[in-house]
There are 2 protein chains.
Amino acid sequence: MRKKPVQQRSQQMVDALIEAAGQVIAERGLEHFTTVQVAERANVSVGSLYQYFANKDALLAALVDRLNREMGEMVSRIAPSLLQADPQTLVRGLLHAAFDFLGGREGLYMELLRNWYRLDIQRSLHRFEQQMLEITRAYALTHVADLRLDHGPAKGFVIINSVVFTLLRYLSLPNRALFDRDRLVEELTTMVAGYLSAGRPRNPRSKAATVTRAKPGTGRSKRNPVRI
Amino acid sequence: MRKKPVQQRSQQMVDALIEAAGQVIAERGLEHFTTVQVAERANVSVGSLYQYFANKDALLAALVDRLNREMGEMVSRIAPSLLQADPQTLVRGLLHAAFDFLGGREGLYMELLRNWYRLDIQRSLHRFEQQMLEITRAYALTHVADLRLDHGPAKGFVIINSVVFTLLRYLSLPNRALFDRDRLVEELTTMVAGYLSAGRPRNPRSKAATVTRAKPGTGRSKRNPVRI
DNA sequence: CTCTATTGCGAACGTTTATTCGCATTCAAT
DNA sequence: ATTGAATGCGAATAAACGTTCGCAATAGAG
């Protein structure tokens, strides 16, 4: 931030600018997000904008920061109520919450998430993963038997990204007639809950027909020992 | 295409332009993909570019078309060799193929996939899903017992998007030290193979503690009957 | 009230880029 | 060889946008 707002009016203006930035992005998309638009929307001049934000990116960063905080609070709010449930219910509850969250704010979260690789949403995603890991850990204290807890970082990564991006793509779908939201949540719940409670193949028969390596399309060399 | 190339030299030029477009995008990213750059790279003038492509988007569309075809051929090429394997091996083989494919072309596929929502990659993704469903169907003819085949469109959607975007995000990771590629493939294999061969909860105990709905963060109303 | 630091303004500037247009060059049919 | 169509060129045009700068309005201390 180029200058610190000391008087009250300027502080309000900074808030209004961040808010307006969110509105513009939600309505017009990140591509058409311009400083002039934001200034107009906030009933502020462009010059004033640049008095408090070094440039466009700084404004965007401030917005992302604010939303990041919101997300953290959301997770902390709903997590405790789910710790008593069984794994399936926990996963389903988190999924519904994620659905509601991503769809909120007039699609602002979605638009930002679509552009995850340009923004430092990388950090947000990572933080989100961490939060989920904490929930998992807290959950483990009450349901030790149900889950295998030797999760390396890979499992969390797989789950978070599978869920978030699948939801994102579903919400971006022009035609949602093929299957509805609840169906999707159920499918994801099945997949994730199964994955969580199963570190190894479940079907007794497939245990016998062990790891017969397939020839990959493009030949590759040294591969790690298969730790399942 | 604004004008059809009838002579041989112009046909070559069109090809060169599409090829150059891919190179520019792979090297500079879609953001810095400009018509002048493409023309220079193809040793062609900008004016000539606009003689065969109505605008920048048309050029991009032509590129996507070409890559879409490539992808289809890739899948058709590797699919037959996997039909004999067990589900785990099938999934693992497809995953490795997807990994190799996405990483190819100097990151061109990745850069395009990152921008999936701006391009009509929607169509490509959908086509990819269809292909996967065909493979699954073909696979079912030989391994009837191992899989539940009442897959609605939702299951395919979940799998495709989970896998593709998780791979995409992994490949976009600045620091890949946390876990390596093979580890990721194994995790995804576990998850997907488990999901495919299990339509309902596997743990006998969790069958008893049935669908105790969690209160979602934001209250929502009529929900569909839970078809698992 | 007076004075100064803070705040606010928005036209103007410079850069970047897509797209066009008038003219030159090449092809291929006669 | 001639000629008309096809092809190729790249400076010029125009629109969009981020950012600056000089000046006006305002707040709050003394």
Side-chain angles (χ1 to χ4, degrees), chain A residues 1-64 111-112 115 118-120, chain B residues 1-64 111-112 115 118-120:
Chain A
M1 189 164 294
R2 176 162 291 181
K3 197 156 66 172
K4 243 189 290 186
V6 304
Q7 297 179 11
Q8 193 193 24
R9 53 174 176 160
S10 54
Q11 180 57 58
Q12 284 180 342
M13 198 185 69
V14 168
D15 289 344
L17 280 171
I18 296 180
E19 178 65 26
Q23 287 179 19
V24 170
I25 292 177
E27 286 173 22
R28 309 281 230 238
L30 192 65
E31 277 184 302
H32 307 301
F33 159 70
T34 71
T35 52
V36 177
Q37 284 255 342
V38 171
E40 273 180 9
R41 176 66 63 105
N43 284 321
V44 156
S45 121
V46 219
S48 301
L49 190 159
Y50 279 92
Q51 207 139 27
Y52 298 101
F53 298 98
N55 50 39
K56 197 170 115 161
D57 285 343
L59 175 57
L60 199 51
L63 175 64
V64 170
E111 181 62 18
L112 290 176
N115 294 274
R118 317 188 167 201
L119 318 176
D120 3 337
Chain B
M1 188 165 294
R2 177 162 290 181
K3 198 156 63 170
K4 243 188 291 185
V6 305
Q7 297 179 9
Q8 194 194 21
R9 54 175 176 159
S10 54
Q11 180 57 58
Q12 284 180 342
M13 197 185 70
V14 168
D15 288 346
L17 282 169
I18 296 179
E19 177 64 28
Q23 288 180 18
V24 170
I25 292 176
E27 286 173 22
R28 310 283 230 236
L30 192 64
E31 279 184 302
H32 306 302
F33 159 69
T34 71
T35 51
V36 177
Q37 284 254 344
V38 171
E40 271 179 9
R41 176 66 63 105
N43 285 320
V44 156
S45 124
V46 218
S48 302
L49 189 159
Y50 278 92
Q51 207 139 27
Y52 298 101
F53 299 98
N55 50 41
K56 197 170 114 161
D57 285 343
L59 174 58
L60 199 52
L63 175 65
V64 170
E111 181 61 18
L112 290 176
N115 294 274
R118 316 188 166 199
L119 317 177
D120 2 339

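Reminder, nothing fancy here: chain letters follow the sequence lines and each chain counts from 1.
Looking at B/Asn115 and A/Arg118, their side chains come closer than 4.5 Å, going by heavy atoms from C-beta outward.
One distance of note links CG of A/Leu59 with OG1 of A/Thr35; it measures 9.0 Å at 0.5 Å rounding. Expressed to the nearest 0.5 Å, how far CD of B/Glu111 lies from CD of B/Glu31 amounts to 8.0 Å. Between the NZ atom of B/Lys4 and the CD atom of B/Gln11 there is a distance of 11.0 Å, given to the nearest 0.5 Å. Summarising the geometry, atom CE belonging to B/Met13 is positioned 10.5 Å from atom CD1 belonging to B/Ile18; distances are rounded to the nearest 0.5 Å.
Of the residues in residues 14-23 of chain A, not one places a heavy atom less than 4.0 Å from an atom of DNA chain D.
The residue among B/Gln8 and B/Asp57 whose nearest nucleotide of DNA chain C lies closer to the 5′ end is B/Asp57.
Distances shown here put a side-chain N or O of A/Arg2 below 4.0 Å from the OP1 or OP2 atom of D/dT20.
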Response to the item:
Per-nucleotide protein contact along nucleotides 2-8 of chain C, 5' to 3', at a 4.0 Å heavy-atom cut-off (B base, S sugar-phosphate only, - neither), is ----BBB

Could you list, one pair per line, each protein nitrogen or oxygen that sits under 3.5 Å from a nitrogen or oxygen of nucleotides 11-18 of chain D, together with the distance?
from: D/dG18; atom 1: OP1; to: A/Lys56; atom 2: NZ; distance (Å): 2.4
from: D/dG18; atom 1: OP2; to: A/Thr35; atom 2: N; distance (Å): 3.1
from: D/dG18; atom 1: OP2; to: A/Thr35; atom 2: OG1; distance (Å): 3.4

Enumerate, atom names and distances included, each donor-acceptor pair closer than 3.5 Å involving a side-chain atom of residues 50-58 of chain B, sequence neighbours excluded.
from: B/Asn55; atom 1: OD1; to: B/Asp57; atom 2: N; distance (Å): 3.2
from: B/Asn55; atom 1: OD1; to: B/Ala58; atom 2: N; distance (Å): 3.0
from: B/Lys56; atom 1: NZ; to: B/Phe33; atom 2: O; distance (Å): 2.9

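For A/Ala20, the side chain to side chain contact (heavy atoms under 4.5 Å, CB included) test picks out A/Val38, A/Arg41, A/Ala42, with sequence neighbours left out. Legend: residues meeting salt bridge (Lys or Arg N to Asp or Glu O under 4.0 Å) with B/Glu19, ordered by chain and number and at least two apart, are B/Arg66, B/Arg105.
Look at CG on A/Leu49: it is 9 Å from P on D/dT19, rounded to the nearest Å. Atom CD in B/Glu40 sits roughly 13 Å away from atom C1' in D/dC9 (whole-Å rounding).
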